[in-house]
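Presented below is the structure to which this report refers.
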Amino acid sequence: MMSQRGEAPTKAKSPKPFQLQTCSASAHCHKMGGAFSSSKPKHAGAGAGVGEEGGESAVVAIHSKAKWDELWDAHKTTTKLVVIDFSASWCGPCKMMEPVFKEMAGRFTDVAFLKVDVDELAEVARTWRVEAMPTFVLARGGEEVGRIVGAKKDELERSINTLSSSSTTTTT
């Protein structure tokens, strides 16, 4: 059957939660267009601190707003550096950075490493003005102290090195 314009009908596609664009900040990230939304089921808060394969991990994966609020409230009252990985399961550069992020979490034991899926916790991602993935937000005392947009391993490591060492220096 042909349409009025002489075109064959196309199968209806379900809308994607984001439109992918090339990120101007890096060739290794995805920009998001449109509103945050997800057709994926939300996960329960279980599994925080457990890696993708079910083993223990130094990265805490947050799957609920309640768990985010609990962890963020605890971290914002300390001087400990927190690195938040805003990513998405469909993001290739995010998948590329995942083992790097886990490895850094194992090395920088004085730093908290949190992982937030923007599809699961869209409200949290909006609050932090995440516009591309991966986005790594570095925070201390409830305030953002750094941001790396894109799969920039060396820049992320330098920032963590600099900011984690500055949190351990005290004045007497």
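In this text the structure is predicted, and so the values were computed from the model without any measurement. Residue numbers count from 1 along this sequence. All heavy atoms count here, side chains included; hydrogens, waters and symmetry mates do not.
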Atom of Arg140, atom of Thr79 and distance for their closest heavy-atom approach: NE-O, 2.8 Å
Side chain to side chain, Phe108 and Leu81, heavy atoms closer than 4.5 Å: no
Any donor-acceptor pair under 3.5 Å from Thr78 side chain to His75 backbone: yes
Derivation and outcome, side chain to side chain contact (heavy atoms under 4.5 Å, CB included), residues Lys102 and Phe113: CA-CA 8 Å; Lys102 285 180 180 179; Phe113 287 79; over 6 Å; no
Checking Lys65 against Asp69 for the salt bridge (charged side-chain N to carboxylate O under 4.0 Å, His left out) test, could you report, in this order, the C-alpha distance in whole Å, the side-chain angles of both residues, the deciding distance, and whether it holds? CA-CA 6 Å; Lys65 178 72 165 71; Asp69 291 341; 2.7 Å; yes
For the OG1 atom of Thr109 and the CE atom of Met104, what is their distance to the nearest 0.5 Å? 14.5 Å
Asp117 side, atom CG; Ile62 side, atom CD1 - distance, nearest 0.5 Å: 11.5 Å
Least distance between heavy atoms, Phe86 atom then Ala125 atom: CE2-CA, 3.9 Å
Can you see which heavy atom on Ala151 is nearest to which on Met96, and at what distance? CB-CE, 3.4 Å
Approximate separation, where rounding is to 0.5 Å, of Leu138 CG and Ile148 CD1: 5.0 Å
Does a salt bridge link Lys67 with Glu70, judged by any charged N lying under 4.0 Å from a carboxylate O? yes
Would you mind reporting whether Asp85 and Val59 have side-chain heavy atoms less than 4.5 Å apart? no
Expected output: side-chain Lys153 to main-chain Met97 donor-acceptor under 3.5 Å: no
Non-hydrogen atoms of Ser87 and Lys115 that approach each other most closely: OG-CE, 3.5 Å
Side-chain (Arg147) to main-chain (Val137) donor-acceptor, under 3.5 angstrom: no
Hey, what's the ring geometry for Phe101 with Phe136, parallel, tilted or perpendicular (30° and 60° as the breaks)? tilted
With sequence neighbours excluded, residues passing salt bridge (charged side-chain N to carboxylate O under 4.0 Å, His left out) with Asp73: Lys76
Side-chain touch Val83/Leu156, heavy atoms, less than 4.5 angstrom: yes
So, for Gly106 and Ala58, which heavy atoms are closest and what is the spacing to 0.1 Å? N-CB, 4.2 Å
What's the shortest heavy-atom distance between Val149 and Ala132, and which atoms? CG1-CB, 3.8 Å
Measure the acute angle between the ring planes of Trp128 and Trp68, then classify it against the limits of 30° and 60° as parallel, tilted or perpendicular. perpendicular
